[in-house]
There are 2 protein chains.
Amino acid sequence: MRSKRPETNFRISHRGLSSPLLRFTDFVSCPLDTSLSGLGRKWTLAIIRDIGLYGVDRFSRLRKSIPDIPPKVLATRLKQLEAQGIVRKSVEKARPPKIVRWSLTEKGLDALRVEMAVAAYGSRWYAGDVFEDGRPRSMREIYNHRGIQLFTKIL
Amino acid sequence: MRSKRPETNFRISHRGLSSPLLRFTDFVSCPLDTSLSGLGRKWTLAIIRDIGLYGVDRFSRLRKSIPDIPPKVLATRLKQLEAQGIVRKSVEKARPPKIVRWSLTEKGLDALRVEMAVAAYGSRWYAGDVFEDGRPRSMREIYNHRGIQLFTKIL
DNA sequence: CCGCATCCGGTAAGATACTG
DNA sequence: CAGTATCTTACCGGATGCGG
């Protein structure tokens, strides 16, 4: 999308903040945009979540776990994610019905950290929809120790 | 999108991991999906980034900082983000050319944390496109102390 | 000029049926 | 079971217009 920064240049200009938020200002292209080109299309994060977090590894199971996705879109996304090295498939030739299993690569597992940040945002700002009691929750309340570990490895 | 979990139920089923990643299994709806309904549309994260991180506060400046966005889409997104309480606008009536300034609300600033996770992913896996020397970088290398603080408040 | 609104063509997504 | 094929629809992208 965008490779040049605006002239205003890496500063928070409101609420009194004025120190630069980013240490490296010499991005060739924005790392947000590059990520979004791989993860930003519709249904992509839901697919990675269901494979990686819930262990849904079959095409037909994914259709059930993501009820509104059209099979064409699911097939397209899986192909794109495979090409990106985010998911990998293993085919088991059982004559008529061939069994295909999908799993996450290391890069795909890493994308789960992004998803946890997105989900944490939802738990804070859409608690009314997310939780039965409607109370916002922090990540520490949602994820157990292993989840927190996975997440903090971002740093 | 999806409000029911699949029967496989919150377990990582590959690479030997078997402990549940999520502590709360009683989501009414998935916090990832709720977040994506607000942040998932095209250009949304770029707009929030340029307002919040770069201080771009005018319609025309946003058009320059996000060169490929059509003005219609920008206007639509700003309206949607305002309705969600993520951005807010202040109109300054300077007769003929009315000046509209956009800024982030608290909810919008919180969305920057999500973006930092997305950008960190990009810095790890698309370093060849992002950095001149092509070397992947961790968040600690990209963000300064204030950025890290902002980010770790997720926990 | 600035902040949009309108129109219009293209492409991606949705619905359904079907096949190896 | 794991996807294609086909068709329709919704959204995006690009150009242009227009009132302050």
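To find a chain, count down the sequence lines: A is the first, B the second, and so on, and within it residues start at 1. The model shown is predicted, which means the values in this text are computed figures rather than measured ones.
Of the charged side-chain nitrogens involved, at least one lies within less than 4.0 Å of a carboxylate oxygen, so that Arg49(A) and Asp33(B) count as a salt-bridged pair. Between Arg135(A) and Glu141(A), at least one side-chain nitrogen of the basic residue sits less than 4.0 Å from a carboxylate oxygen of the acidic one, meeting the salt-bridge criterion. Using a cut-off of 4.0 Å between Lys/Arg side-chain N and Asp/Glu carboxylate O, Asp110(B) and Lys107(B) are scored as not salt-bridged.
Summarising the geometry, the separation between CD on Glu92(A) and P on dA2(D) is reported as 10 Å, rounded to the nearest angstrom. dC2(C) atom C1' lies 9 Å from atom NZ of Lys98(B), rounded to whole Å. Between Arg101(A) atom CZ and dA2(D) atom P there is a gap of 8 Å when expressed in whole angstrom units. Taking atom NZ on Lys93(A) and atom P on dA2(D), their separation rounds to 12 Å, with Å as the unit. The separation between Ile99(B) atom CD1 and dC1(C) atom C1' is 10 Å, rounded to whole Å. Between the CG atom of Leu62(A) and the C1' atom of dC1(D) there is a distance of 13 Å, given to the nearest Å. In this structure, the CD1 atom of Ile66(B) is 14 Å from the P atom of dG3(C), given to the nearest Å. Atom pair Arg61(B):CZ and dC1(C):C1' shows a separation of 13 Å (rounding to whole Å applied).
Look at Arg58(B) and you'll find a side-chain N or O under 4.0 angstrom from OP1 or OP2 of dG3(C). Listed pair Ser60(A) / dA2(D) meets the phosphate criterion, a side-chain N or O lying under 4.0 Å from OP1 or OP2. Within the structure, every side-chain polar atom (N or O) of Trp102(B) is placed at least 4.0 Å from both OP1 and OP2 of dC2(C). Distances shorter than 4.0 Å separate none of the side-chain N or O atoms of Trp43(A) from OP1 or OP2 on dA12(C).
The shortest distance between side-chain heavy atoms of Val87(A) and Ile51(A) falls below 4.5 Å.
The closest donor-acceptor contact from the side chain of Gln84(B) to the backbone of Gly38(B) lies under 3.5 Å. In this structure, Ser29(A) contributes its side chain and Asp129(B) its backbone to a donor-acceptor pair below 3.5 Å. Looking at Ser123(B), its side chain never comes within 3.5 Å of a backbone N or O of Arg137(B) through a donor-acceptor pair. Put simply, the side chain of Arg77(B) gets close to the backbone of Lys42(B): a donor and an acceptor are under 3.5 Å apart. In this structure, the side chain of Ser35(A) engages the main chain of Val118(B) through a donor-acceptor pair within 3.5 Å.
Heavy-atom distances under 4.0 Å link DNA chain D to Lys72(B), Arg77(B) of residues 71-81 of chain B, given in residue order.
Residue Lys42(A) places its side chain closer to dA13(C) than to any other of dC4(C), dC1(D), dA13(C).
Two end axes, each from the C1' atoms of five base pairs, can be drawn for the helix from dC1(C)-dG20(D) to dG20(C)-dC1(D); they diverge by 30°, to 10 degrees.
Along DNA chain C, the nucleotide closest to Arg41(A) and the one closest to Arg63(A) are compared, and the more 5′ of them pairs with Arg41(A).
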